[in-house]
> 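Pasting a structure here, questions to come.
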Amino acid sequence: MTSSHRDIVLGAAACLAASAILAGCGGGGGGGGFPLLVPPAAGQPTAPPAPPAPPAAPPPAAGLACEQLQGLAIPASAIGLPSSGATVTSAKTVAPGGTGAAALPEYCEVAGKIAPVDPTAPNIQFAVALPTSWNRKVVMLGGGGFNGTVPNVKGNVPNGPVDKLTPLGRGYATFASDSGHQANALGSQDGLFGLSDEAVRNFGGDALKKTHDAALAVIKARFAAAPVKSYFAGGSTGGREALTAIQRWPADWDGAIAWYPAWNDAAALLGGHRMSRALAQPGAYPNTAKRALLYDAAMEACDALDGASDGLISNQTLCNARFDPSTATLRGAPVRCAGGADTGDTCLSDAQIAAMKTINTPTNFRFALASGETQYPGYNIWGADPGIATRTSPLEPVVTFLAFGTSQPARPMPASAPYVSVLTDQWIRYSVTRDAGFDSLSLDPEDPGPWASRISALSTQLDASTDISAFKARGGKLLLAHGLADVLVSTRATEQYYQRLQSRMGPSEVDTFVRYYEVAGLGHAVSSTFNAAWDSLSALEAWSEAGTAPAGQVVTDTAGVPGRTRPLCDYPRWAQYRGSGNVNLAASFQCVN
């Protein structure tokens with residue numbers, strides 16, 4: 001579900017602002033350079049500097065010049081999964097440009113395609129950026145949603161820092177693909193590719209290996225050398241792709257960054273579909289005024305649980321245990337409408353409260369998934385922003401698009417319905433039933449009846465295994481992060497991934513190669529409350545290349561209170577206010593259990 005969503009959804013927001021209803025908006029966008037450039041606040045803690053990069057050097061004489069790459073044929077034998085080979089369709093030198101964090105060196109811009117085995121299946125479109133002065137390292141960027149467009153290989157890692165160079169700016173060779181299909185006007189929500197078995201396998205993960213091998217062939221042709229370090233960075237679907245890549249092809253990767261990963265994607269789609277069906281019930285869909293009321297009530301009840309009334313809920317677990325919209329109040333008035341009937345924007349009806357409680361609870365599968373998944377946990381809806389129209393942040397249309405949208409789920413599914421509703425409608429009609437006329441809302445995600453076997457088969461491709469022992473054995477390092485207010489991909493699912501690693505290997509072993517952090521106030525990818533930016537790539541470099549494990553990591557808000565910081569606490573610890581000091585500085589908080 002939806003790299004960093006930043007490039008994807010900012011494009012979508014621009015389309016929404018132009019009343020284009022997403023027509024022509026792309027859905028891939030992996031890198032996420034963000035336009036809100038905010039200088040660090042005075043006294044703000046900073047992460048340790050990255051280790052020195054290997055010496056950069058111009059291409060060896062044995063390598064091809066940039067323009068000579070055009071037309072390069074990559075045989076199927078060079079690609080580790082079945083294909084009909086790859087071809088470089090364009091290659092051109094791009095002059096250096098940009099200033100500050102947006103500065104890019106001279107580089108070779110390459111586009112290519114990987115041909116399918118099935119001639120009726122779509123190609124995999126891919127891109128590679130090759131800096132003239134290469135640091136001998138590579139970053140692959142993941143996609144978002146159902147992909148369908150090639151992420152921006154000039155962009156940043158998901159939720160990357162706004163004051164540091166992008167991977168290409170740092171001298172990395174970068175690459176990405178559309179995962180094996182080309183999206184229509186629905187962009188990242190386009191599920192039409194589900195009619196092709198090969199395209200489904202490519203989206204499920206096969207395109208990752210094919211793209212890696214084709215890109216490495218291009219890199220070796222250009223530089224006559226292989227990389228010394230290879231990293232993967234992605235968020236949402238890109239986070240799943242990161243975890244899939246290190247699990248299925250551990251020898252290819254030295255490290256990975258996975259933000260808000262939809263790692264158990266079949267389970268997540270079923271959980272999201274249950275949410276969609278709940279919101280589709282008569283009278284259940286809350287308008288933006290009711291969303292604001294629920295948000296404010298949860299803040300009134302839970303904001304101070306971390307010791308500071310700062311507009312952020314850090315102790316989300318305690319909030320989830322205590323808050324109940326049926327009995328909650330806001331400024332002394334009940335959240336529930338008197339008698340349970342909808343009496344206007346100053347309260348929530350019983351139908352709306354029931355939908356919110358469904359979102360908060362697990363989806364339990366009463367059928368067997370071949371992946372082994374048995375449930376999908378509920379979402380942290382208490383204190384989440386599902387799209388509040390009264391907020392003036394330029395990010396709020398993006399938040400709304402990725403959360404509850406502006407239309408109730410229905411048949412046919414409106415493009416302005418919740419993001420997950422459009423996504424699951426497309427998945428059910430094209431990947432599951434392969435019947436464009438099927439009423440997706442009629443399918444019960446907990447007991448899908450005749451569609452259970454098909455969903456089970458899809459789960460083997462979409463749900464990533466948590467066995468990453470081979471990645472650990474080769475010295476791989478993994479950084480996981482998730483916003484606590486995400487109502488598209490559940491934060492609780494990432495907690496389960498991390499807990500499974502600990503159960504499998506033991507906490508002390510996991511601590512040698514994985515870190516997991518949760519960020520208060522961050523929704524899916526973006527937030528007008530706390531829009532997180534973290535220099536994860538430098539942290540990964542220090543750990544993988546210098547053996548310096550992450551410590552004292554800090555995340556910066558670029559939108560809610562620009563420049564404020566919070567410590568990144570090793571899960572399950574969370575940031576508690578010390579009782580004194582500037583609430584906008586990470587140093588005023590301590591990580592506690």
Side-chain angles (χ1 to χ4, degrees), residues 3 7 28-31 33 53-75 78-79 85-98 101-114 124-143 149-157 160 165-178 207-234 245 252-255 537 541 545:
S3 150
D7 288 342
L64 298 177
C66 176
E67 283 70 19
Q68 291 177 312
L69 293 173
Q70 183 150 344
L72 178 71
I74 301 166
I79 298 173
T87 307
V88 172
T89 55
S90 68
K92 64 178 181 180
T93 301
V94 178
L104 294 176
E106 178 182 273
Y107 70 97
C108 181
E109 183 178 83
V110 173
K113 62 182 180 181
I114 304 169
I124 300 171
Q125 305 285 352
F126 70 96
V128 188
L130 304 163
T132 302
S133 294
W134 182 37
N135 66 7
R136 294 291 305 278
K137 297 187 286 186
V138 301
V139 168
M140 182 173 180
L141 296 168
T149 58
V150 180
N152 176 18
V153 293
K154 299 177 290 184
N156 215 337
V157 299
L165 292 171
T166 67
L168 178 59
R170 302 185 192 197
Y172 279 86
T174 59
F175 56 93
S177 82
D178 62 7
L208 302 172
K209 177 61 174 172
K210 296 175 186 179
T211 301
H212 169 275
D213 291 356
L216 265 288
V218 172
I219 289 167
K220 291 173 183 176
R222 170 71 170 125
F223 298 119
V228 295
K229 287 289 181 179
S230 298
Y231 303 130
F232 197 115
D252 289 345
W253 304 102
D254 298 289
L537 183 56
E541 288 173 331
E545 299 166 26

> Quick one: does Val150's side chain get under 4.5 Å of Phe126's, heavy atoms only?
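Side-chain contact under 4.5 Å: no.
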> On a heavy-atom basis, which atom in Cys66 and which in Ala91 lie closest, and how many Å separate them?
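For Cys66 and Ala91, the tightest heavy-atom pair comes out as O-CB, 3.4 Å.
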> Might you point out which heavy atoms bring Ala221 and Leu72 nearest each other, and give the distance in Å?
CB-CD2, 3.9 Å
> I need the minimum non-hydrogen distance between Leu104 and Gly169, along with the two atoms involved.
CD2-N, 3.9 Å
> Does the side chain of Asp254 come within less than 4.5 Å of Lys137's, by heavy atoms?
no
> Answer yes or no: is there a side-chain heavy-atom contact under 4.5 Å between Pro105 and Thr132?
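In short, these two side chains do not touch, never coming nearer than 4.5 Å.
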> With a 4.5 Å limit on heavy-atom distance, are the side chains of Trp253 and Met140 in contact?
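Yes. Closest side-chain heavy atoms under 4.5 Å.
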> Do the side chains of Thr211 and Ile114 get nearer than 4.5 Å, heavy atoms only?
yes
> Checking Asp178 now: which residues fulfil salt bridge (Lys or Arg N to Asp or Glu O under 4.0 Å) with it, not counting sequence neighbours?
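Partners of Asp178 by the salt bridge (Lys or Arg N to Asp or Glu O under 4.0 Å) criterion come out as none, since no residue qualifies.
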> Check for a donor-acceptor pair, side chain of Glu67 on one end and backbone N or O of Thr93 on the other, with a separation under 3.5 Å.
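Answer holds: yes.
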> Within the structure provided, determine whether Lys154 and Tyr107 are in side-chain contact (heavy-atom separation under 4.5 Å).
yes
> Given Phe175, which partner from the list Val139, Val128, Val218 fulfils the side chain to side chain contact (heavy atoms under 4.5 Å, CB included) test?
Val128
> Between Tyr172 and Leu537, is any pair of side-chain heavy atoms under 4.5 Å apart?
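Tyr172 reaches Leu537 side chain to side chain.
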> Start with the C-alpha gap between Ile219 and Leu130, add the side-chain angles, then the distance that decides, and say whether side-chain contact (heavy atoms from CB on, under 4.5 Å) holds.
CA-CA 7 Å; Ile219 289 167; Leu130 304 163; 3.5 Å; yes
> Can you tell me if Arg136 uses its side chain to pair, donor with acceptor, with the backbone of Pro227 under 3.5 Å?
no
> Is a side-chain N or O of Thr89 found less than 3.5 angstrom from the main chain of Ala111, in a donor-acceptor match?
yes
> Within the structure provided, determine whether Asp252 and Phe232 are in side-chain contact (heavy-atom separation under 4.5 Å).
no
